[in-house]
Protein chains: 2
Amino acid sequence: MMSETVITGYPSGMGRWEPDAASRLLEAAMELYEKQGFDSTTVAEIAARAGLTERTFFRYFSDKREVLFGGSSGLTTLLAAEVATAPAEASPLEATAAALKSLGMLIEGQRGRDFVRRRSRILAQNPELQERELIKLASWTDALALALRARGADEQRASLAAAAGVAAFRVAFARWVSSDDPQSLPELIRESFHGLRELTGA
Amino acid sequence: MMSETVITGYPSGMGRWEPDAASRLLEAAMELYEKQGFDSTTVAEIAARAGLTERTFFRYFSDKREVLFGGSSGLTTLLAAEVATAPAEASPLEATAAALKSLGMLIEGQRGRDFVRRRSRILAQNPELQERELIKLASWTDALALALRARGADEQRASLAAAAGVAAFRVAFARWVSSDDPQSLPELIRESFHGLRELTGA
DNA sequence: GTGTTGATGTCAGTGACTGACATGACCATA
DNA sequence: TATGGTCATGTCAGTCACTGACATCAACAC
């Protein structure tokens, strides 16, 4: 999604201009957000550091925040597909758990924990960025609920399973990011769903 | 929270200027957001309709969105208090359910469903407003988790109960807003928590 | 009356974001 | 080797959200 071939339409090294504009903008933005904070960083600064202009920044990212969320747009499709391919006898919550575990594997593999931690540290310092993170999670919830309904779950059950599932994911993700010696993300997600089931019994 | 005495510091009708500046701004903003949409409404327009200036708008509300969320800042305190006063033998999820039911009663009584529906229709049309709504819910989640930990619940249990509880609230609230002939909000919340417990059993 | 207070107005500035148009390297094809 | 088209980028002017500094001016205290 953020690889050079997708973004520029040209294989790396063969572009007419310096390649990887989006990646360069992302790296420049993260460095500046880390060094001087999100608020104190202007888009013009980011663009200059990437060797581009402000206008070009906005051609790649819809706003100043979106540069940190570029990789997450295709994930709803993955979630829907995973729910659809879950065994027919799986309950809504089980199908949701399976889908989110797949997502966890993808996240772990795609960027690696170091990148994610770096990004999380930036998000933690700015409410506007947290808002954007939350709406991304909400879009996951919506996609999950829709896919569950397509499997025959009723509205309330689908919404609840999706929302509770994403809540479990959030908790697992937070542990994964903050722990010093973490288990794998899918494993933490499994534990989180286990805790969710225990909540109602105990 | 938005009554004239709190906002202006002067009882209604006794102010040195036209009273209820915040209420007037809120009403003006809602009318304009409804008529021409959030994006196409400028703060200057809102202020003019309320007989004030743009600068004064920003003295009452931190940004253009916040005017629709003014009433929600004190609610985290209520949630924490309700969790704290729940019976000692109540489980984390039970304490959460009790707190959110109280919140439901408050919401139903304070504004009434008509106002809430009107507001929801505006929020539904704008992603930026939805972001703000989500971060408000996230602050509820944090407050609940903190209060649950103070009751002795461990980190994961507290976070999960809070997140799953708020998820249940969201589902109930959505039903309450969208239904044509709704049950009471606390009743819908009760049902939503019931559905949550069933998710893990079925 | 005179001074203080607090809500409001005025004004200038910064920076996010947009639309319209210009540029200039690459590529295709003659 | 021209010549024209394509497309990422640059340039520029404009709107609007939001902020800090300072002015105003009705009410109230004394």
Just compare [options] and give me whichever is closest to any side-chain atom of [X].
{"X": "T56(B)", "options": "dC16(D), dA16(C), dT8(C)", "value": "dT8(C)"}
{"X": "Y60(B)", "options": "dT8(C), dT9(D), dT11(D)", "value": "dT8(C)"}
{"X": "R59(A)", "options": "dT9(D), dC22(D), dT19(D)", "value": "dT9(D)"}
{"X": "D63(B)", "options": "dT11(D), dC18(D), dG9(C)", "value": "dC18(D)"}
{"X": "F58(A)", "options": "dC18(D), dG10(D), dA16(C)", "value": "dA16(C)"}
{"X": "L52(B)", "options": "dT9(D), dG9(C), dA16(C)", "value": "dG9(C)"}
{"X": "R55(A)", "options": "dC11(C), dT8(C), dC12(D)", "value": "dC12(D)"}

**Q.** Length of the line joining E128(A):CD and dA16(C):C1', which is rounded to integer Å
**A.**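 Nearest whole value for this atom pair: 11 Å.
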Q: Please round to the nearest 0.5 Å and tell me the distance separating atom CD of E187(A) and atom CE of M105(A).
A: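 Spacing of CD (E187(A)) from CE (M105(A)) equals 12.5 Å.
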Q: Output yes when E45(A) and K64(A) qualify as a salt bridge under the 4.0 Å nitrogen-oxygen rule, no when they do not.
A: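 Here E45(A) does not pair with K64(A) in a salt bridge, since their nearest N and O are not under 4.0 Å apart.
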Q | Short N-O contact, R118(A) and E27(A), less than 4.0 angstrom | A |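 Yes, charged N to carboxylate O under 4.0 Å.
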(Q) Taking only side-chain N and O atoms of T53(A), does any of them lie within less than 4.0 angstrom of OP1 or OP2 on dG10(D)? (A)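 Yes, within the criterion.
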**Q.** Face-on cation placement of R111(A) at F115(A) ring, 6.0 Å and 45° thresholds
**A.**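 Judged by the rule (NZ or CZ under 6.0 Å from the ring centre, within 45° of its axis), R111(A) counts as positioned above F115(A).
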